[in-house]
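Here the structure comes first, spelled out in structure tokens, and everything after it is commentary.
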Amino acid sequence: MNFVALFQALDTSQSTNSKRDALIAFIQQSDPLESALAVAALTDRTKRKRLKPNALKQTAYLAFGENRWLFEECYSAVGDLSETLAILFANQEASPETTQPVLANWIHRQKELGRLEFGELAKDLLSLLKAFAKDEAFLFLKLSSGGFRVGVSKGLVNDAIARAIAMDRAIIEERLMGEFIADEDWLHRLQAPVTQDELDGRPLPFLLANPLIKSDLNSLDPSNVLVEYKWDGIRAQLIKTRETIRLWSRGDHDITEQFPEIVDAAATLPSQLILDGEILAGAPDHLQGFSDLQTRLNRKRITHNLLKTHPVFFRAYDVLRRDGEDIRDKPLIYRKEVLATLAVAQSPITFPNTPEQISVMRESAREAIAEGVMIKRCDSPYVSGRKVGHWWKWKLDPMTADCVLIYAQAGHGRRASLHSDYTLACWNSEGNLVPVAKAYSGLTDAELKAMDRWIRKHTVQKFGPVRQVEPRQVFEIGFEGIARSKRHKSGIALRFPRILRWRQDVGANDADHVAHFETLMIDSYAV
């Protein structure tokens, strides 16, 4: 059984149990290196794009010559670049290889192609695709260009690994956090005894919160919860061993080198320590928004000037290990008392007496440059995953604006035949519509179909897969934050924009002006 056979089993199943069984069989029966590379792909650990999507497009254009428009129409109909190329160029009559290992060879071929100049790359890639069966071509392209998804979560993969080698899932989750080496010995390493030094330097599985809606508030016991702000930063664990200081993101990435000032500040903390908290922009007494933090993300080089203009700090709200002792099974209130003894910026907490007091604190979150509040049971242990009845997050209601649809593009996957990706605009001071957001979600399937019919009938121009439409449809959008931006014509950038409703009761002239966002920005940061 190889990765192609696993993909076919996962792709054709809607049952979680069936997918788990397929993963277990694959891990137990496949070549060890094949299974290691597959786990890396399934858990999104293959970060480098060996073949850029643009190179794949240009390869198709070269093959179609003067009829490149035909490829664009095919791509628009299918909605996925890798799948389009697999349909067009793979050998549709061939049966895929499903027993012998393929991934190591594919990665080698991808690296070879990545080193070629475009002309040679296109020629060799087309020749290779023609030798593949459809599923092989699709997987080869997906794994080389990024965006591989097959409907299994990291948790399901971890569970399958634990069952396949008869080990506790919690141990597997802890051992798989951090760097993953995809080689023939990966399973042996998972089964080996873990040293204390190894454990001390690894992040622990995060405890996640469940969303709370206002109607659920009265069901809480205020006497048994504490409340703190939900900070708008990057969730991370700060780990200090006897020898190292490390920062791990919730996405299981080592981000230590991106935030040297946090590492320096942690030098005075005791060793054998793991803190859970948030990386935030600014300073504890002068917090800045998430847009300022974005400037620091994914930087290969952190300059002295960047450290001065965009400082960051770590705000702790839980302690998981102290002096080498794992205290996750202790009540939260105990862990908070331990945290209070440490010289680190901490999240202020409130003990409410009534549900109304929680509501009041939530309403003050925007002034504190927070997203809402976290409600945590005082006696809750720190467990892995999103456990019911431990922590809740109650976010602020989104900011809103009424915007005009000006461009539409077909979606991907099951929405490939529908124009579901929208560019939305508002009026500027000159009376022109300027783009302010792109939105991909929020409409029902029935509304999407109705809008798709309207878009096709009211297209003004086409720019490849993008249609410019008559500016007549209005949508109310919601968004979590707003910041100034030199990259956008409107001068602003919205955080997490999505459609709240289709405003069929108003016309384009009733849509908001850019000045509306200026007002929201002033109100948001009037602290």
Side-chain angles (χ1 to χ4, degrees), residues 205-217 219-220 222 224-238 247-251 275-294 297 312-320 332-333 335-336 339 344-352 355-378 380 382-383 385-400 478-483 494-498 520 523-527:
F206 286 83
L207 170 58
L208 307 178
N210 285 285
L212 180 86
I213 58 176
K214 192 168 184 178
S215 60
D216 296 333
L217 195 58
S219 65
L220 295 177
N224 190 37
V225 300
L226 59 83
V227 184
E228 55 192 328
Y229 286 123
K230 185 181 187 304
W231 301 108
D232 192 11
I234 299 173
R235 179 90 177 270
Q237 287 181 15
L238 174 60
L247 278 170
W248 284 95
S249 72
R250 200 188 109 188
L275 301 178
D276 185 10
E278 205 89 9
I279 297 173
L280 298 168
D285 57 350
H286 186 68
L287 196 61
Q288 296 175 347
F290 188 82
S291 60
D292 295 288
L293 183 60
Q294 283 181 308
L297 302 185
V312 299
F313 70 101
F314 182 82
R315 174 168 280 165
Y317 45 69
D318 214 330
V319 55
L320 314 184
L332 173 62
I333 195 67
R335 302 196 306 274
K336 285 288 190 181
L339 183 62
V344 61
Q346 299 179 27
S347 181
I349 59 176
T350 298
F351 295 93
E356 289 72 26
Q357 290 180 345
I358 300 177
S359 295
V360 170
M361 185 171 178
R362 172 178 174 263
E363 292 304 317
S364 67
R366 188 160 278 134
E367 293 181 358
I369 314 183
E371 295 182 297
V373 292
M374 297 291 297
I375 305 167
K376 302 179 179 180
R377 220 176 64 204
C378 293
S380 62
Y382 193 102
V383 293
R386 203 179 304 276
K387 303 300 182 183
V388 176
H390 285 57
W391 292 6
W392 298 267
K393 56 183 178 183
W394 192 16
K395 299 182 73 171
L396 287 166
D397 294 330
M399 302 177 189
T400 64
F479 47 97
E480 303 303 322
I482 181 171
L494 308 183
R495 190 172 183 211
F496 299 146
R498 70 274 190 193
L520 290 176
D523 291 343
S524 298
Y525 296 100
V527 294

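Residue numbers count from 1 along this sequence.
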* **Step-by-step side-chain contact (heavy atoms from CB on, under 4.5 Å) determination, F206 to Q237** => CA-CA 9 Å; F206 286 83; Q237 287 181 15; 3.4 Å; yes
* Close side-chain approach of I333 to F351, heavy-atom, < 4.5 Å -> yes
* To do: Before accepting this row, confirm whether a basic side-chain N of the pair E480/R366 lies closer than 4.0 Å to the acidic partner's carboxylate O.
  => no
* Search all heavy atoms of W231 against all heavy atoms of S347 and return the closest pair with its distance. => NE1-OG, 3.0 Å
* Going from CZ on R377 to CG on L220, what distance comes out if it is rounded to the nearest 0.5 angstrom? -> 10.5 Å
* Of all residues at least two apart in sequence or in a different chain, which pass the side chain to side chain donor-acceptor pair (under 3.5 Å) check with Q346? -> none
* Does P222 reach the side chain of Q357, with side-chain heavy atoms less than 4.5 Å apart? -> no
* Quick one: NZ on K376 to CD1 on I349, what's the gap to the nearest 0.5 Å? -> 9.5 Å
* Asked: Could you state the interatomic distance from NE2 (H390) to CG (L332), rounded to the nearest 0.5 Å?
  -> 10.5 Å
* If you take all heavy atoms of P205 and Y382, which pair is closest and at what distance? -> O-CE2, 3.4 Å
* Hey, does D318 have a side-chain heavy atom less than 4.5 Å from the side chain of L339? -> no
* State, yes or no, whether a side-chain contact exists between R498 and P398 at a heavy-atom distance under 4.5 Å. => yes
* Asked: Could you give the distance from CG (L207) to CH2 (W391), rounded to the nearest 0.5 Å?
  -> 4.5 Å
* Structure fact -> Sorted by chain and residue number, the side chain to side chain donor-acceptor pair (under 3.5 Å) partners of S359 (sequence neighbours excluded) come out as none
* Flag side-chain contact, heavy atom, 4.5 Å: I482 against R495 -> no
* Structure fact -> Between L287 and I369 the two heavy atoms that sit nearest each other are O-CD1, 3.2 Å
* Asked: Are any non-hydrogen side-chain atoms of K336 and L226 less than 4.5 angstrom apart?
  -> yes
* Structure fact -> Interatomic distance, CG@L520 vs OG1@T400, rounded to 0.5 Å, equals 7.5 Å
* Gap separating the CG atom of L280 from the CZ atom of F290, nearest 0.5 angstrom -> 10.0 Å
* Is any side-chain N of the basic residue among D276 and R235 closer than 4.0 Å to the acidic one's carboxylate O? -> yes
* With sequence neighbours excluded, what pairs up with W392 under the ring pair (Phe, Tyr, Trp, His ring centres under 6.0 Å) test? -> none
* Step-by-step side-chain contact (heavy atoms from CB on, under 4.5 Å) determination, L297 to I234 -> CA-CA 10 Å; L297 302 185; I234 299 173; 3.0 Å; yes
* To do: Can you see which heavy atom on I279 is nearest to which on A236, and at what distance?
  => CD1-CB, 3.9 Å
* Salt bridge E278-R250, side-chain N to carboxylate O under 4.0 Å -> no
* Asked: Would you call R362-D397 a salt bridge at under 4.0 Å N-O?
  -> yes
* Structure fact -> Here the pair of heavy atoms bringing L275 nearest to A316 is CD1-CB, 4.2 Å
* To do: Kindly indicate whether the side chain of L212, heavy atoms from C-beta on, has any atom under 4.5 Å from the side chain of K393.
  => no
* Can you check side-chain contact (heavy atoms from CB on, under 4.5 Å) on L217 and W394, steps first, answer last? -> CA-CA 10 Å; L217 195 58; W394 192 16; 3.7 Å; yes
* Does the distance from a Lys or Arg side-chain N to an Asp or Glu carboxylate O, for K230 and E371, drop under 4.0 Å? -> yes
* Nearest heavy atoms of Y229 and S364, plus distance in Å -> OH-OG, 2.7 Å
